[in-house]
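Following: one structure in structure tokens, then a few remarks.
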Amino acid sequence: MPKSEPTLNVRKYNRYAWDRQVDKNNPFTIPVTPEVIAAARLGEFSVLLTETKPVPHEWFPPLHGLDLLGLACGGGQQGPIFAALGAKVTIFR
């Protein structure tokens, strides 16, 4: 019988990898501030499409009351902004 390869613990590896990103101050690991959330409640917001380019507002449907599912969105940025804009947000990271 062939020798089996060691099994990778995906959760442990993912946690380790993201902890390293936090240690490096990766901007995508830093949650938005209360000031950003307050501005979003007033309709002033920006979420990034790339590392430097914001998503154009016209790409979004009306967000108030919208059921929004965020996949791989554990950084604490888009979810709070969309919730402040009135969306009903569920996040899976």
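All of these numbers come straight from a predicted model, not from anything done at the bench. Residues: numbered from 1 along the sequence shown.
With hydrophobic clusters built from ILVMFWY side chains whose heavy atoms lie under 4.5 angstrom apart, V32 does not share a cluster with W18. Grouping the Ile, Leu, Val, Met, Phe, Trp and Tyr side chains by contacts below 4.5 angstrom, directly or via other members, places I37 apart from I30. When the side chains of ILVMFWY residues are joined at heavy-atom separations under 4.5 Å, either directly or via intervening members, W59 and L68 end up in a single hydrophobic cluster.
Shown here is H64, whose NE2 atom has no more than 12 heavy atoms of other residues, nucleotides or ligands within 6.0 Å.
How far CD1 of I91 is from CG of L71: 8.5 Å, rounded to the nearest 0.5 Å. The line from OG1 of T29 to NZ of K24 is 11.0 Å long, rounded to the nearest 0.5 Å.
Looking at residues two or more places apart in sequence or on another chain, you find a salt bridge (charged side-chain N to carboxylate O under 4.0 Å, His left out) between R20 and D23.
For Q77 (side chain) and P27 (main-chain N/O), a donor-acceptor pair under 3.5 Å exists by modelled atom type.
Contact of the L85 side chain with the F60 side chain is not registered, since no non-hydrogen atoms from C-beta on lie closer than 4.5 Å. The side-chain heavy atoms of L66 and F82, taken from C-beta on, include no pair separated by under 4.5 Å.
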For the pair F28 and L48, evaluate side-chain contact (heavy atoms from CB on, under 4.5 Å) and give the outcome as yes or no after the intermediate values. CA-CA 10 Å; F28 291 104; L48 295 177; 4.2 Å; yes
